[in-house]
Amino acid sequence: MRMGIGYDVHRLVEGRKLILGGMELDFPLGLVGHSDADVLTHALCDALLGAAGVGDIGRHFPDTDEKYKDVSSLVLLEEVGRIVRAEGFRINNADVTVILEKPRLSGLIPEMEKKLSEVLGVAPGRINVKATTNEMLGAMGRGEGIAAIAVASLGPEAVSQKERD
Ligand code: MG
């Protein structure tokens with residue numbers, strides 16, 4: 001079994017859509033980034049890539065590449081799923097915690113989980129999403145940004161092409 005961890009943070013500003021877990025939320029501020037800045041999905045991508053031992057989201061989808069400008073992070077996640085499978089792994093499960101003061105995510109979480117598991121081609125229940133506030137402490141607590149942390153587990157571990165060579 002392999003484990004990976006992912007962490008990401010993006011700033012909240014006016015004039016951007018707020019996209020989390022592939023869903024557009026009704027909120028006056030949005031996250032800044034080269035892609036759609038979906039911090040939840042980025043942390044999940046990094047956890048999966050880390051577990052597979054193939055680097056991170058910046059290595060596979062550089063923010064200097066115009067191809068990824070404003071791209072939906074679900075497109076990146078789908079590609080991450082392909083990369084992980086190509087390395088000879090299967091996704092066991094992933095767990096993501098989003099750290100934000102506002103908006104409340106609880107009602108939207110089942111749909112986010114459904115969307116993310118569909119994109120990764122895994123059974124519902126293998127991708128878990130949680131949200132917590134930062135108790136008004138620090139930058140996240142002041143609502144200056146949104147952070148997310150994720151862990152992923154891959155297995156059973158097939159012998160990868162690289163190891164065979
Ligand atoms: Mg990011």
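Both ligands and their constituent atoms are indexed starting at 1 by order of listing. Because only heavy atoms are used, hydrogens play no part in the values below, and waters and symmetry mates are left out as well, while side chains stay in.
As for Asp8, its N/O/S atom nearest the Mg ion (ligand 1) is the one called OD2. When you scan the N, O or S atoms of His42 for the one nearest the Mg ion (ligand 1), you land on ND1. Nearest N, O or S atom of His10 to the Mg ion (ligand 1): atom NE2.
Distance alone, capped at 3.5 Å, is enough to place a donor-acceptor pair between the Asp38 side chain and the Gly21 backbone. For His60 (side chain) and Val54 (main-chain N/O), a donor-acceptor pair under 3.5 Å exists by modelled atom type. The backbone N or O of Asn92 sits less than 3.5 Å from a side-chain atom of Arg126, completing a donor-acceptor pair.
For the pair Lys115 and Glu118, the salt-bridge criterion is not met [side-chain N within less than 4.0 Å of a carboxylate O].
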